[in-house]
Each structure stands twice: as C-alpha cells, then as structure tokens.
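Below: one structure, written as structure tokens.
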Amino acid sequence: MLHDILWHCRHLRWQATRAGHDGHLAAAARIPGGDALVLYARAGRFLENLKWSPHLDDDHHEADVVPVLLPLASWAIAWRRYFGHDLAAKASVSGIIRYLTDGDRLNTMAQCVDGPDWTAFAWDMGALLRQLEGVLHDETEPEQGISCFECGQRLVRKFGRPAPCKHPTPGRRHLADVRREAAAAADRIAVMSTYPELGPPTYADLRAARRQPTSAEESAARVPCDDCVRRGQGGIDDPSVGQSWECIGCRKKYTPGEYAQAVRADLQQGGPDGDGWTFIAMAAEAASTQTGYPVGPATVRKWVDTGKVTSCCRWSRGVGWGQILVFWPDVAERSAALVERHLRVEEERRVRAEQARRFYAVLDSRKITKRAAALKVGKSMGLHPNRVRAFLDELEAAREKESA
C-alpha cells in the first residue's frame, strides 16, 4: 500500500499541469491544478511550524482532499518517537515510505501494543491511497456489499492486480502516430527557420508541432490487449456467488457461507425498523446477491400479489399513501425455491439434450428412416414415446429447413 502511494504521488505533477481541472475547463476550475495540486502541496514538511487552528473544520469539508505529506509526516514522527529515532530535518514522501518499509519495521509496528495505533495508521494509509486513486482517476471502483461482522465497515470484492501488458494495441499505435506526427512537424519548422525562402511556418504546422496526446488517448493506450484480458488483467478474483468479498477495514476475508449469513443478518437488522421487514427493492437486491440469480423488484411484487410472500403497509406521517414492506425471510425462502426450480429445469434440459443426441446417433448409425422403427428404437433405449415423437418432429423440421 505504501509503495502504491509513492507510485501515485509521482504522477501528481502531471495531473496538476495537464489534467488537474477535475473535468472542468481551466477557467472553471476551483483552483489552478485542481485537487492534484492540493495533494502535491508540501503541507507538513516542517511540522514544528504548523499551528492547530480551532476553526479548521469551518474551512475544511469531508469531501476536500488532504495533502499527502501531512498525514504521512504526522505518522512518521509518531513512529520515529516510538522507536527512539531522530526526526528527519525535511520530510518527503519517498523518505517517509523508505523509513516505514525499511527491513521488517512494518511487521514490528503491526505487533506492538504500546505504540501508536496500528489500526488507525493502516486506515489512514488506505484512505490516502483511495484519495490518490480518485484524483488520478485510477481507481477500480470495487463493488460494495453489506457491513462487516467485525468492524462494521463495508465489504468490497477483491480485485486482482493486473499484470502489465506491453503488446501493441490500436490505442498504443494511435498514440505513437500522434507523437511521431508532432515530431515530424517540429522538424519541418526547424528546417523552415534555416531556409527563409521557404517562408514562415503555417498555422497548421505550428498546431501540429504543439499537438499533445489527450487524456482520452493516453487512457486508451493503457487498456490491455484482448489476449491479456482473457488471461486475467485484474478484475474480481472469483466472480462466483459469495466469493472474493473482504472488509476494507479489518481485511477479513469472507467465505460464501459467511457472506450469505451476513446478507441475512443485514436484512434482519438493517431494514426500516430492524425487524426483518424491508422495502421491495432492497429485498430484491439482497436476494439477487445471495442467490446469484437476477431477482427483480417486479418478481417480488408478483410474489406479494399472489400471497407467496408476507407483506404489510406502513403508513408514515406526511405521506399520502403507505409504503409496502415485505418480510425478508419469506423473500429469501422464495428466492431459494426459485433457484432450485431453475437448477431442475437446467438439469432436465441437459438430460433431454443428451437423450436426443444419443437417439439421433442410433438412428444415423442404423440408417433408420421409418417412424415406426424409430419408435421401437426409442422404446429400447427407455425413452417415453411422447418424447421420441417430439425428437422425430424436431428432426423432420431440421431436415425441411436444410432442404429449403
């Protein structure tokens, strides 16, 4: 995590000078360089000169970014004092991270019980990394789930670290063409300056020489090729139902059973009144997450209309009509039954396809064309006559389609 922070900090200057306006025009940006310039600021480099202001919260809001060096330097001083080391004369991001990751120091910090709060330190570093990823538009936006058993933080699905792809792609070829054309235009202007008889360079030549790749072109060049994507370029480690969930706070890894139990507990305790009654949309989303099959709000409403799910109407002050609530255990039970029915249908479809394949293979090997003989073959294979007739009808329809 600390090395990722250092890697992102090295790109802040480019983001502040090239694309640091947070999607706005330069004239519409809140400050020149945007949030990247705030992160790049050297606040905290000389901590002895900083003075705490009781009115800090009046100007600083929760969504505002914090300079990277400020939390890093604060924690570095705390750990240096704990280990009895001298304080650095001038704090820097690379120097602090080099100090914290030196040797086996991180393991020692994690196991100490009388020093600075390791959990708070790890949480601050994670928040700092997510802040950098958001400003640099390099975040993976993990899928969020319900609350953690241990610490109450939200669960996210783990993303694999992508391996670098260096193969040629259309985006990379286009980026190389842009740079090559700009270099060629600059060479033409240089030649014109040495031969006055050629005349001054045109506006098109000057514009071509100043042409720089846009953020969209550079982003397209970072997209891996299709082969690397198929081999695994990040993404969720295991997209199966209930897999790859972990807590961003305590880093607890959840098994599918634990995640299903967490979903049930969250719906039991996290409904409108914490008694198992919840909204239709919330129940549908939880049922889809738990079963892995899409269960839409319309399906839950159909269950309510047919009496398969217990429902009630909650009246609220100031609301003209009541809100329909459903009992989550009933929705969970009905969703499980729906999945079992889907699985049975899929199994029956697979068995039928296998019977048809074997039946057609026998007819083809024995050169049977008569319907009566085919019915006898189906009976000898243990197939129901109605199913054999359906197979023969499908075979005749396929032959007519081929002949047409």
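Residue numbers count from 1 along this sequence.
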Verdict with reasoning, Ser311 to Leu325, per side chain to side chain contact (heavy atoms under 4.5 Å, CB included): CA-CA 6 Å; Ser311 63; Leu325 303 180; over 6 Å; no

[X] side chain near [Y] side chain, heavy-atom distance below 4.5 Å:
X: Met125; Y: Trp75; answer: yes
X: Met192; Y: Pro200; answer: no
X: Thr310; Y: Val326; answer: no
X: Leu69; Y: Ile96; answer: yes
X: Ser403; Y: Arg399; answer: no
X: Arg80; Y: Asp86; answer: no

Parallel, tilted or perpendicular: rings of [Y] and [X] (30°, 60°):
X: Phe83; Y: His85; value: parallel
X: Phe359; Y: Phe391; value: tilted
X: Phe121; Y: Trp79; value: perpendicular

Donor-acceptor contact below 3.5 Å, side chain [X] vs main chain [Y]:
X: Arg211; Y: Val178; result: no
X: Arg334; Y: Trp303; result: no
X: Thr299; Y: Val295; result: no

Is any side-chain N of the basic residue among [X] and [Y] closer than 4.0 Å to the acidic one's carboxylate O?
X: Glu354; Y: Arg357; value: yes
X: Arg179; Y: Glu217; value: no
X: Glu346; Y: Arg349; value: yes
X: Arg350; Y: Glu347; value: yes
X: Asp205; Y: Arg210; value: no
X: Glu394; Y: Arg352; value: yes

Check against side chain to side chain contact (heavy atoms under 4.5 Å, CB included), Leu375 and Arg389: CA-CA 7 Å; Leu375 288 172; Arg389 293 187 184 94; 4.0 Å; yes

Taking atom [atom1] of [X] and atom [atom2] of [Y], what is their separation to the nearest 0.5 Å?
X: Leu129; Y: Asp4; atom1: CG; atom2: CG; answer: 5.5 Å
X: Thr369; Y: Asp364; atom1: OG1; atom2: CG; answer: 11.5 Å
X: Leu100; Y: His3; atom1: CG; atom2: NE2; answer: 10.0 Å
X: Leu363; Y: Arg358; atom1: CG; atom2: CZ; answer: 12.0 Å
X: Asn107; Y: Arg105; atom1: CG; atom2: CZ; answer: 12.0 Å
X: Ile97; Y: Leu6; atom1: CD1; atom2: CG; answer: 4.5 Å

Verdict with reasoning, Leu106 to Met109, per side chain to side chain contact (heavy atoms under 4.5 Å, CB included): CA-CA 5 Å; Leu106 282 176; Met109 292 161 55; 4.1 Å; yes

CG/Asp177: more than 12 non-hydrogen atoms of other groups inside 6.0 Å: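 More than 12 heavy atoms, drawn from other residues, nucleotides or ligands, come within 6.0 Å of this atom.
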
Greater than 12 external heavy atoms within 6.0 Å of Arg207's CZ: no

If every non-hydrogen atom of [X] is compared with every non-hydrogen atom of [Y], which pair is closest and at what distance?
X: Ala209; Y: Ile189; answer: CB-CD1, 3.7 Å
X: Pro297; Y: Ala284; answer: N-CB, 3.7 Å
X: Val388; Y: Ala374; answer: CG1-O, 3.9 Å

Verdict with reasoning, Ile368 to Val377, per side chain to side chain contact (heavy atoms under 4.5 Å, CB included): CA-CA 9 Å; Ile368 297 176; Val377 171; 3.3 Å; yes

